[in-house]
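What follows is a short report on a single structure.
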Amino acid sequence: MSIQSQAPPALSLPRRYLASIPLRLRRLINRSVASMLANREKAAMQFAKGCNGTTASDGSPVRDTHHHQRI
C-alpha cells in the first residue's frame with residue numbers, strides 16, 4: 001500500500017502575477033515599517049547621547065528648564 005501525493009496544478013501566468021501582488025505589497029509595508037522603526041531608534045539614541053551631560057560640576061543633577069516648564 002503506497003501513498004502517492006499529488007502536487008497541486010501549476011498556476012497559470014496571470015494567476016501567478018495576481019498572487020504575487022499581495023506578497024509585494026506586504027514586503028513594501030514591512031520595509032517601510034522597519035525603516036520607520038530604525039529612524040525612531042536612531043533618533044532615540046541621539047537623544048540619549050545628548051542627555052548624558054546633565055550633571056553640574058558638583059555632581060548634582062541639573063534640571064532642564066526648557067523641557068520641564070510649569071504651565
Side-chain angles (χ1 to χ4, degrees):
M1 186 196 261
S2 66
I3 299 175
Q4 293 180 345
S5 64
Q6 299 237 345
L11 294 176
S12 66
L13 188 60
R15 285 191 182 201
R16 276 192 281 174
Y17 177 76
L18 289 175
S20 71
I21 292 174
L23 295 175
R24 290 180 186 196
L25 183 62
R26 186 171 63 185
R27 276 191 217 128
L28 177 69
I29 292 170
N30 284 345
R31 266 191 226 137
S32 64
V33 169
S35 175
M36 179 192 66
L37 290 174
N39 288 338
R40 284 188 179 206
E41 184 177 356
K42 183 178 177 182
M45 292 295 284
Q46 289 175 348
F47 179 77
K49 284 180 184 179
C51 291
N52 283 343
T54 58
T55 56
S57 58
D58 62 352
S60 63
V62 175
R63 186 168 181 218
D64 184 1
T65 57
H66 179 72
H67 290 100
H68 297 285
Q69 293 178 352
R70 291 185 185 183
I71 299 174

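These numbers come from a predicted model, not from an experiment.
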Which pairs of donor and acceptor atoms, one on a side chain in residues 33-47, lie under 3.5 Å apart (sequence neighbours left out)?
| unit_1 | atom_1 | unit_2 | atom_2 | d |
| --- | --- | --- | --- | --- |
| Asn39 | ND2 | Ser35 | O | 3.4 |

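Through direct or relayed side-chain contacts under 4.5 Å between Ile, Leu, Val, Met, Phe, Trp and Tyr, Ile21 connects to Tyr17, Leu18.
In terms of the side-chain contact (heavy atoms from CB on, under 4.5 Å) criterion, residue partners of Arg26 (sequence neighbours excluded) are, by chain and number, Leu23, Asn30.
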